[in-house]
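Note that the numbering runs from 1 along the sequence shown for the chain.
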Amino acid sequence: MKHLPAGEIARRIDLFEDIRHPHPQLTTIHRTFDILRAEARAASARLTRQMEDHSNIVVPPSAFPAVAIFGPSGTAKTHMIKTYYEDVCLKENWPEGERRVVDFELSVDANKRQFQVDLLGALRDPDPDKGNDSVLRRRVRKLTMALRTDLVFVDEIQHFIASDTKRKTMSVAAAIKKSLNANPYGLGLVGTEKAQRIFEENEELAQRVPTTFILSGCDLDSSDGRKQWTSFLATFKNRLEALGILDSAATLVTPETAGLLGLQVDARLGLGQRLIKASTRCALERGDTRLSATHIANAVEKNKGLFGFKENLFAEYATTVED
């Protein structure tokens with residue numbers, strides 16, 4: 001078997017990033033981001049006018065808006081942020097020196113101070129951890145105003161409560177409320193279902209996040225869910241072939257493979273995409289340009305820990321089919 005050169009494998013894997021499947025909630029969520037940003041700009045403009053008209057009076061600002069996206073790992077939460085950059089931000093042509101949308105991943109077991117440190121790092125502050133809480137908050141406000149930031153995505157927000165203490169959860173809720181009150185941008189809070197505890201235990205904060213999206217895998221017990229899943233697999237089959245990444249990815253749309261893939265990844269689109277990419281890599285590294293159940297089985301085995309798989313549903317099936 002003739003192996004592909006390393007550079008060719010890398011080129012084809014890179015092309016995988018050009019494959020996009022329209023998530024059923026993508027348009028709605030992106031529009032919500034647009035509205036969130038518009039609300040933040042309007043609130044910021046109102047605050048500026050009040051300060052200009054009444055410089056001797058400090059009017060307590062209304063809370064800036066927020067949206068939350070929750071769901072298990074692999075349900076395309078981060079995909080919502082990435083595609084918003086691609087579909088919206090890249091087309092806005094921000095002037096030099098502006099960063100109207102910023103995202104960052106919260107550090108594991110973060111506290112309210114780390115929230116500011118991580119955000120300052122995303123804003124490219126040279127000394128993000130220098131200063132006390134008050135100093136950090138002032139720097140965040142100053143930088144976001146200078147950059148005209150109107151939306152900040154906080155990914156992996158469940159890291160706030162990794163230590164699993166109610167006192168810490170309440171402290172975090174207070175920090176988020178303070179951020180919504182004091183800073184001139186909207187917040188997009190993204191995390192697993194565990195992060196919902198922050199809002200369940202603080203009614204006042206929950207009221208300040210009026211829009212929440214719960215993402216999940218396709219419901220394979222329903223006709224619509226099965227259609228969504230098979231449409232997703234067909235997109236990847238067609239694009240893998242059209243882009244020349246593989247000569248054939250037909251196995252993805254066979255009933256047996258489609259069903260097993262759905263069970264393996266709980267029909268989660270994000271996790272399904274990662275497994276298809278890992279399977280493609282296994283094929284190319286072996287010099288194969290036709291995707292098979294064996295490649296998927298190998299990918300599952302290699303990535304059990306990374307993807308959280310407890311068993312390899314393809315192990316037996318791969319030995320019984322002729323690819």
Side-chain angles (χ1 to χ4, degrees), residues 4 9-26 71-83 155-156 192 215-221 225-321 323:
L4 293 169
I9 294 175
R11 185 189 71 81
R12 295 190 188 202
I13 292 297
D14 181 65
L15 285 174
F16 194 96
E17 298 303 313
D18 293 334
I19 302 177
R20 290 286 180 269
H21 176 75
H23 190 285
Q25 291 181 269
L26 187 70
S73 175
T75 49
K77 299 183 299 297
T78 303
H79 178 74
M80 297 298 170
I81 301 174
K82 182 176 182 179
T83 52
D155 202 1
E156 307 292 359
T192 65
L215 302 186
S216 62
C218 302
D219 180 8
L220 297 181
D221 291 329
R226 290 191 296 272
K227 286 179 181 178
Q228 289 175 6
W229 180 244
T230 55
S231 173
F232 165 77
L233 295 177
T235 292
F236 277 85
K237 180 263 184 192
N238 294 334
R239 293 298 289 157
L240 282 166
E241 295 172 357
L243 291 169
I245 299 172
L246 295 169
D247 291 338
S248 173
T251 190
L252 291 177
V253 294
T254 63
E256 297 81 6
T257 300
L260 278 178
L261 273 171
L263 293 173
Q264 185 72 64
V265 303
D266 198 22
R268 299 177 189 178
L269 302 188
L271 186 55
Q273 178 175 331
R274 294 202 288 272
L275 179 54
I276 293 171
K277 182 177 182 179
S279 302
T280 299
R281 183 188 300 277
C282 284
L284 295 175
E285 288 177 348
R286 288 182 51 177
D288 295 335
T289 58
R290 300 178 67 84
L291 191 65
S292 72
T294 298
H295 301 133
I296 301 174
N298 290 341
V300 171
E301 202 61 37
K302 286 182 177 180
N303 296 279
K304 271 187 174 180
L306 181 63
F307 294 160
F309 296 145
K310 295 181 180 179
E311 57 182 326
N312 188 343
L313 300 181
F314 280 87
E316 183 177 349
Y317 173 66
T319 65
T320 64
V321 295
D323 298 305

(request) Indicate yes or no: at least one non-hydrogen side-chain atom of Phe309 is less than 4.5 angstrom from one of Val265. (result) yes

(request) Answer yes or no: is there a donor N or O on one side and an acceptor on the other, between the side chain of Asn312 and the main chain of Ala297, under 3.5 Å? (result) yes

(request) Please tell me if the side chains of Arg226 and Cys218 come closer than 4.5 Å, counting only heavy atoms from C-beta onward. (result) no

(request) Indicate the atoms forming the closest heavy-atom contact of Leu275 with Ala299, along with that distance. (result) CD1-CB, 3.9 Å

(message) Let me confirm one number: the CG-CG distance from Asn298 to Asn303, rounded to the nearest 0.5 Å.
(response) 10.5 Å

(message) Is any side-chain heavy atom of Phe307 closer than 4.5 Å to one of Val300?
(response) no

(request) Rounded to the nearest 0.5 Å, what's the gap from CG on Leu240 to CG on Leu291? Could you check? (result) 7.5 Å

(request) Find out whether Thr289 and Arg12 are in side-chain contact, i.e. whether some heavy atom of one side chain is under 4.5 Å from a heavy atom of the other. (result) yes

(request) Kindly give the heavy-atom pair with the smallest separation between Thr75 and His23, and that separation in Å. (result) O-NE2, 4.1 Å

(message) I need the minimum non-hydrogen distance between Glu241 and Ala249, along with the two atoms involved.
(response) OE2-N, 2.9 Å

(request) Please examine the side chains of Arg20 and Arg239, heavy atoms only from C-beta on, and report whether any two atoms are closer than 4.5 Å. (result) no

(message) Are there over 12 heavy-atom neighbours, none belonging to Lys304, within less than 6.0 Å of that residue's NZ?
(response) yes

(request) Looking only at non-hydrogen atoms, find the nearest pair between Arg274 and Gly74 and report the distance. (result) NH2-CA, 3.6 Å

(request) Kindly compute the distance separating NZ (Lys237) from OG1 (Thr251), expressed to the nearest 0.5 Å. (result) 11.0 Å

(request) Rounded to the nearest 0.5 Å, what's the gap from OG1 on Thr280 to CG on Asp288? Could you check? (result) 11.5 Å

(message) Would you compute the distance between atom CD of Gln273 and atom NE2 of His79 and round it to the nearest 0.5 angstrom?
(response) 6.5 Å

(request) Verify, without hydrogens or angle tests, whether Thr235 (side chain) and Ser231 (backbone) share a donor-acceptor contact under 3.5 angstrom. (result) yes

(request) Verify, without hydrogens or angle tests, whether Gln264 (side chain) and Glu311 (backbone) share a donor-acceptor contact under 3.5 angstrom. (result) yes

(request) Step through the shown structure and confirm whether more than 12 heavy atoms of other residues, nucleotides or ligands are within 6.0 Å of CD on Glu17. (result) yes

(request) State whether the side chain of Trp229 and the backbone N or O of Leu220 hold a donor-acceptor pair below 3.5 Å, judged by distance alone. (result) no

(message) Please report the interatomic distance CG(Leu215) to CZ(Arg268), rounded to the nearest 0.5 Å.
(response) 11.5 Å

(message) Measuring only between side-chain heavy atoms, which start at C-beta, is Pro72 closer than 4.5 Å to Leu271?
(response) no

(message) Using every non-hydrogen atom in the two residues, find where Ser279 and Ile296 come nearest and quote the distance to one decimal.
(response) OG-CA, 3.4 Å

(message) My understanding is that only residues two or more places apart in sequence, or in another chain, count here; which of them pass side-chain hydrogen bond (donor to acceptor under 3.5 Å, both in side chains) with Ser73?
(response) none

(message) With heavy-atom distances below 4.5 Å as the criterion, would you say the side chains of Phe16 and Ile19 are in contact?
(response) yes

(message) Ignoring hydrogens, what is the shortest heavy-atom contact between Leu233 and Leu252? Give both atom names and the distance.
(response) CD1-O, 3.4 Å

(message) Less than 4.5 Å apart, side chain to side chain, heavy atoms only: is that true for Ile245 and Phe236?
(response) no

